[in-house]
Amino acid sequence: MFRIYRLIPALLFALSFACAGEPNLPEIQAPWMKGEKLTFSLSWGFVTAGYATLEVKPIADGKTEFLTFATGNKTINKIYPVADTIYTRVRNKGLMTEVFRKHLHEGSYHNTSVIRFDRKGEKAWLSDTVFTDMKTRKVKRSADTAVAIQGMEHSIMSAFYLVRTLPLKVGETSRFSAVSGKKRYELKVVVHGKETLKTDIGTVNTLKVEPMLDGDGIFNSKGRIFIWFTDDERRVPVLMECEIALGSIKASLKKME
């Protein structure tokens with residue numbers, strides 16, 4: 001059984017401009033900043049394995065929350081219960097992440113990780129804990145790590161939304177830096193071309209985008225990742241696909257609010 005959490009965080013790739021010190025950026029004015037909820041079905045081949053939601057919630061003080069939830073369907077959850085949540089709080093100026101939290105509950109596996117960004121101090125502080133039992137909160141292993149940053153790196157969630165604000169011109173490649181887990185990565189984003197897709201929200205014109213490590217696939221051992229964004233100002237992700245050894249896992253947009 002694959003872990004559903006591997007699909008959404010992998011697909012929600014990190015994109016960021018690298019610049020030292022505390023950033024002073026313009027406020028993001030994208031249409032979805034006023035609020036948005038996207039619902040996806042997660043499929044493995046012809047089997048619908050689960051569902052996921054991506055939600056944007058404006059809050060006070062010029063900040064926004066990004067919320068992601070993934071779970072298996074009724075059949076999967078009887079065998080292997082899944083409930084994964086990712087929370088990110090950002091500043092509207094540049095979508096700079098303040099805090100990133102990930103809670104994974106998959107079968108007997110329970111993990112909580114938190115990344116806090118100190119841009120003036122040029123550090124990202126990671127706390128990661130795996131529990132053997134969530135009822136007793138018994139810890140299997142725990143680690144705290146500091147990652148050196150240059151001031152404008154994103155978490156995987158803020159970066160995913162940031163890319164929706166970019167021009168995304170066919171044939172062009174953007175190069176970025178990002179923090180994920182215990183490392184700072186140099187990434188690039190390739191825009192392969194335009195495609196017309198039939199989706200549950202209608203037939204749409206899209207741009208096919210691939211996130212990669214510089215010179216290699218972002219998760220080369222697990223296959224390539226592709227995202228299809230609508231070719232308009234909203235840049236809605238209507239399809240996301242991750243290649244694996246036994247085919248591919250897809251997240252298909254079912255509903256947009």
Side-chain angles (χ1 to χ4, degrees), residues 8-38 40 52-69 85-102 113-126 147-169 172-181 183-189 191 207 209 211 218 225 227 229-230 232-237 240 256-257:
I8 291 297
L11 293 169
L12 302 184
F13 54 90
L15 306 173
S16 65
F17 295 97
C19 179
E22 183 73 6
N24 183 16
L25 301 170
E27 187 168 336
I28 299 298
Q29 300 288 346
W32 38 264
M33 286 293 287
K34 297 178 181 179
E36 177 187 73
K37 184 176 182 180
L38 306 177
F40 297 85
T53 58
L54 304 179
E55 191 168 0
V56 179
K57 288 187 175 182
I59 57 176
D61 301 324
K63 299 179 182 182
T64 299
E65 295 176 330
F66 298 143
L67 305 170
T68 301
F69 177 72
T85 304
I86 299 175
Y87 168 87
T88 309
R89 187 179 71 242
V90 303
R91 305 175 192 174
N92 293 347
K93 291 185 176 182
L95 301 186
M96 292 287 98
T97 298
E98 292 186 334
V99 61
F100 170 91
R101 296 191 186 99
K102 181 172 64 177
S113 62
V114 180
I115 303 176
R116 299 183 185 277
F117 288 78
D118 177 6
R119 303 191 185 276
K120 289 183 178 180
E122 298 185 354
K123 294 286 185 181
W125 302 95
L126 169 68
V147 179
I149 62 175
Q150 297 179 8
M152 293 179 68
E153 291 83 352
H154 286 260
S155 64
I156 57 175
M157 287 299 297
S158 65
F160 173 76
Y161 284 98
L162 178 66
V163 76
R164 294 175 64 182
T165 71
L166 301 179
L168 297 182
K169 295 181 180 180
E172 292 189 358
T173 298
S174 301
R175 296 181 184 276
F176 309 94
S177 58
V179 173
S180 181
K183 295 182 179 180
R184 178 182 182 276
Y185 294 94
E186 295 298 329
L187 306 174
K188 67 179 182 180
V189 180
V191 183
L207 290 160
V209 174
I218 186 169
I225 298 167
I227 306 175
F229 292 103
T230 57
D232 57 23
E233 65 175 356
R234 293 191 66 89
R235 292 283 193 261
V236 179
M240 299 181 277
M256 180 171 63
E257 302 174 62

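No hydrogens, no waters, no symmetry mates; every other heavy atom, side chains included, goes into these values.
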Derivation of the side chain to side chain contact (heavy atoms under 4.5 Å, CB included) call for Leu38 and Val56: CA-CA 9 Å; Leu38 306 177; Val56 179; over 6 Å; no
Sequence neighbours left out, what passes side-chain hydrogen bond (donor to acceptor under 3.5 Å, both in side chains) with [X]? Give chain and number order.
X: Arg235; value: none
X: Thr230; value: Asp232
X: Thr88; value: none
X: Ser113; value: none

Validation row: [X], [Y] side chains within 4.5 angstrom (heavy atoms):
X: Val209; Y: Met240; answer: no
X: Leu168; Y: Val163; answer: yes
X: Leu126; Y: Val147; answer: no
X: Ser158; Y: Phe100; answer: no

Check: Arg164 main-chain N/O paired with Arg234 side-chain donor or acceptor under 3.5 Å: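 No; zero donor-acceptor contacts below 3.5 Å.
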Test item: Glu153 side-chain N/O and Gly151 main-chain N/O as donor-acceptor pair under 3.5 Å: yes
Mind checking the [atom1]-[atom2] spacing from [X] to [Y]? Nearest 0.5 Å is all I need.
X: Lys93; Y: Leu25; atom1: NZ; atom2: CG; value: 9.0 Å
X: Phe229; Y: Leu207; atom1: CZ; atom2: CG; value: 9.0 Å
X: Ile86; Y: Phe160; atom1: CD1; atom2: CZ; value: 11.5 Å
X: Thr97; Y: Leu162; atom1: OG1; atom2: CG; value: 9.5 Å

Worked verdict on Asn92 versus Ile28 for side chain to side chain contact (heavy atoms under 4.5 Å, CB included): CA-CA 6 Å; Asn92 293 347; Ile28 299 298; 5.7 Å; no
Pair Val179-Phe117, side chain to side chain contact (heavy atoms under 4.5 Å, CB included): steps then yes or no: CA-CA 10 Å; Val179 173; Phe117 288 78; 4.1 Å; yes
Run the side-chain contact (heavy atoms from CB on, under 4.5 Å) test against [X] and tell me which residues pass, sequence neighbours left out.
X: Val114; value: Val99, Arg101, Arg116
X: Pro58; value: none
X: Glu55; value: Lys37, Lys57, Leu67
X: Glu98; value: Lys63, Arg89, Arg91

Counterpart residues, ring pair (Phe, Tyr, Trp, His ring centres under 6.0 Å), relative to Tyr161 (two or more places apart): Trp32, Phe66
Over 12 foreign heavy atoms within 6.0 Å of CD, Glu27: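 Yes.
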